[in-house]
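We name chains A, B, ... by the order of the sequence lines, and we start the count at 1 in each one. These numbers were taken from a predicted model, which means no experiment stands behind them.
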Amino acid sequence: MNTDKLPTRSENYSEWYNQLILRSELADYAPVRGCMVVRPYGWALWENIQGALDKRFKETGHSNAAFPLFIPMSFLEKEKEHVEGFSPELAIVTIGGGEKLEEPLVVRPTSETIIGYMYSKWIKSYRDLPVLINQWGNVVRWEMRTRLFLRTLEFYWQEGHTAHATAEEAVDETVRMLNVYTDFAVNEAAVPVIPGRKSETEKFAGASDSYTIEAMMGDTRALQAGTSHFLGQNFAKAFDIQFLDPGNQLQHCWTTSWGLSTRFIGAIIMTHGDDQGLVLPPRLAPIQVVIVPIFRNDDEQAKVMPVAEALNRQLSQFRVKLDTRSEVTPGFKFNDWEMRGVPLRIEIGPKDIDNGVVTVARRHTPGKAGKSTLPLGDEIAAQVQAVLDEIQAAMLEKARNFRDAHIHEPKDYEEMKQIVQDGWALAYWCGRTECEARVKEDTKATTRCIPLDQPEGQGECIVCGQPAKKKVYFARAY
RNA sequence: CGGGGUGUAGCGCAGUUGGCAGCGCACCGCGUUUGGGACGCGGGGGUCGGCGGUUCAAGUCCGCCCACCCCGACCA
């Protein structure tokens with residue numbers, strides 16, 4: 001076990017991130033470059049993310065299904081922008097069972113094409129619509145530069161694919177699912193994302209419009225934490241997804257797709273983590289409460305352990321762990337569980353038992369300020385629930401304050417160049433690609449999103465000074 | 001693909017003039033410890049990235065290859 005301190009975020013943010021993932025056992029490097037193994041602790045976190053999202057998908061009328069990993073190469077080529085966007089990063093199978101394949105198979109980078117193909121078989125009538133399907137799975141994109149969780153060659157995600165009779169319905173669906181992601185991010189992960197629309201250059205290959213939730217990481221860089229795309233009739237036309245409307249007219253469907261991946265784990269790490277390690281939101285943490293018994297000798301052990309075990313049972317409604325390891329000291333355990341981000345630690349020793357209490361330590365509030373005592377007794381589970389709720393709320397508020405403290409509205413282009421070095425700039429933008437490109441050239445910052453909750457305004461583009469109606473966030477991104 | 005770098009125990013590294021393969025952490029055993037990262041003693045673990053060459057002798061010198069990392073380019 002590595003007992004050295006982590007690098008601090010200020011001395012080396014990316015080393016802090018990498019080492020924290022390895023040491024907390026969320027994930028490990030696989031033998032293939034750019035691939036990761038999601039370890040049990042990381043997968044448990046992902047399962048909790050899945051559960052929170054899947055519930056919301058079901059509540060909004062979606063069903064899960066599973067489509068194949070392999071896609072005929074020709075499918076990708078049917079939608080021009082789609083193939084242009086994805087061809088540089090495809091993994092392609094050319095041999096199967098020792099025989100050269102008639103047609104190469106792409107390992108799916110995303111499933112619009114194969115699902116579009118199936119939808120064209122299934123959809124004949126307006127009565128078949130809407131089709132609302134989600135799939136949980138893995139995809140492969142041969143990225144050049146990879147980072148654990150943020151950008152790996154293979155990653156796990158969900159991808160929703162829907163087909164509708166009208167553009168309005170499809171747009172509504174796109175925005176509905178963006179709102180589902182926002183609700184999940186804010187209320188489950190305590191990640192205060194900003195929902196908005198992507199610019200033409202930043203949108204998904206093949207989409208008419210892409211929407212995103214953008215999150216600010218602890219180094220102020222932006223992370224696209226989930227996306228929802230209005231695909232127009234692009235894929236419906238490429239794959240002949242057609243239906244007869246009530247007037248017996250043949251029409252193309254309007255489709256959407258939306259996805260959120262294991263990248264979101266990176267968002268949680270970098271939104272809440274501190275120099276001591278992970279800080280996980282109670283609603284998603286694989287272990288919500290850890291109980292650390294403390295004793296010096298057999299007599300004290302005999303006194304403490306039955307109480308600790310009884311408490312463990314009393315808290316069975318939570319994801320609770322009783323740390324019975326005898327080979328490490330309590331001090332080691334405190335640091336160990338803090339590094340792993342467990343939201344609430346309960347210490348129970350002879351002194352506590354004498355006083356009829358347990359000591360609780362809140363992960364998100366380091367040191368003595370986060371410690372208090374709770375009386376042992378029938379009320380303890382309700383009190384623990386209250387503390388977890390309080391932690392969840394405090395984490396969201398802290399992240400929101402950090403975000404808002406690093407968003408500025410520049411008065412001119414010079415000021416904007418300064419702002420994006422350590423924050424996000426919110427400014428009017430004329431909508432032209434040239435202005436985006438100039439900002440990227442000058443600062444490495446890109447447009448992140450055009451936030452949805454803004455009134456139509458009148459302003460001047462921060463770059464060129466021409467009339468602009470909408471503000472956009474500029475930031476350096478992962 | 002261009003520039004730079006690194007490959008020696010699970011991890012981090014040392015290895016001098018070519019001459020027995022080492023150190024710290026981790027791991028295993030025993031004992032003492034245990035309210036904020038304990039300590040002692042004992043122990044296990046190696047294709048020195050690969051192939052070839054020079055040599056009595058190669059981790060060390062030479063050649064070729066491979067992998068990975070950093071910067072750039074590229075990119076949901």
Legend entry - Whole-angstrom distance between B/rG24 and B/rC39, as gauged at atom P: 14 Å
Legend entry - Nearest-angstrom distance from the residue atom CG of A/Leu153 to C1' of B/rC68: 14 Å
Inset, instruction - Would you classify A/Asp352 as touching base, sugar-phosphate or nothing, given that sugar-phosphate means primed atoms plus P, OP1 and OP2, and contacts are heavy atoms under 4.0 Å? - result: base
Inset, instruction - Look at the side chain of A/Glu143 and decide which nucleotide, out of B/rC75, B/rG36, B/rA38, has an atom nearest to it. - result: B/rC75
Legend entry - Integer angstrom distance from the P of B/rU6 to that of B/rC20: 25 Å
Legend entry - Phosphate-side-chain proximity, A/Arg23 and B/rC11, N/O vs OP1/OP2 below 4.0 Å: no
Inset, instruction - Classify the angle between the aromatic ring planes of A/Trp254 and A/Phe230 as parallel (below 30°), tilted (30 to 60°) or perpendicular (above 60°). - result: parallel
Legend entry - Interatomic distance where CD belongs to A/Glu300 and C1' belongs to B/rG35 [whole Å]: 10 Å
Inset, instruction - For A/Lys368, answer base if it contacts any base atom (sugar-phosphate contacts may also be present), sugar-phosphate if it contacts only those atoms, and nothing otherwise; contact means non-hydrogen atoms under 4.0 Å. - result: nothing
Inset, instruction - Look at all strands and tell whether A/Thr359 reaches a base, only sugar-phosphate, or nothing, counting heavy atoms closer than 4.0 Å. - result: base
Inset, instruction - Can you check whether any acceptor in the base of B/rA76 is under 3.5 Å from a donor in the side chain of A/Glu202, or vice versa? - result: no
Inset, instruction - Would you mind classifying the nucleic acid contact of A/Pro350 as base, sugar-phosphate or nothing, using non-hydrogen atoms under 4.0 angstrom? - result: base
Legend entry - Sugar-phosphate, base or nothing in reach of A/Arg448, heavy atoms under 4.0 Å: nothing
Inset, instruction - Could you tell me whether A/Lys78 atom NZ has more than 12 heavy atoms of other residues or ligands within 6.0 Å of it? - result: yes
Inset, instruction - Select base, sugar-phosphate, or nothing to describe what A/Lys203 touches, counting heavy atoms under 4.0 Å on all strands. - result: nothing
Inset, instruction - Please confirm whether any donor atom in the side chain of A/Arg345 sits under 3.5 Å from an acceptor in the base of B/rG36, or the reverse. - result: yes
Inset, instruction - For A/Lys444, report the nucleic acid contact type (base, sugar-phosphate, nothing); a contact means any heavy atom under 4.0 Å. - result: sugar-phosphate
Legend entry - G-U wobble or Watson-Crick pairing nucleotide for B/rA26 (cut-off 3.5 Å, both distances): none
Inset, instruction - Using the closest heavy atom to pick a nucleotide of RNA chain B for each, name whichever of A/Arg296 or A/Met339 lands nearer the 5' end. - result: A/Arg296
Inset, instruction - Would you mind checking if A/Glu143 and A/Arg141 are paired as a salt bridge, meaning a charged N to carboxylate O distance below 4.0 Å? - result: no
Inset, instruction - Have a look at A/Trp157 and say if it touches a base, only the backbone sugar-phosphate, or nothing, with a 4.0 Å heavy-atom cut-off. - result: base
Legend entry - A/Arg108 to A/Phe70, cation-pi by 6.0 Å centre distance and 45° axis angle: no
Inset, instruction - Round to a whole Å and report the spacing from CD of A/Gln301 to P of B/rG35. - result: 14 Å
Inset, instruction - Please report, rounded to the nearest Å, how far the P atom of B/rA76 is from the CG atom of A/Leu90. - result: 13 Å
Inset, instruction - Sort out for me which residue in A/His229, A/His161, A/His62 forms a ring pair (Phe, Tyr, Trp, His ring centres under 6.0 Å) with A/Trp258. - result: A/His62
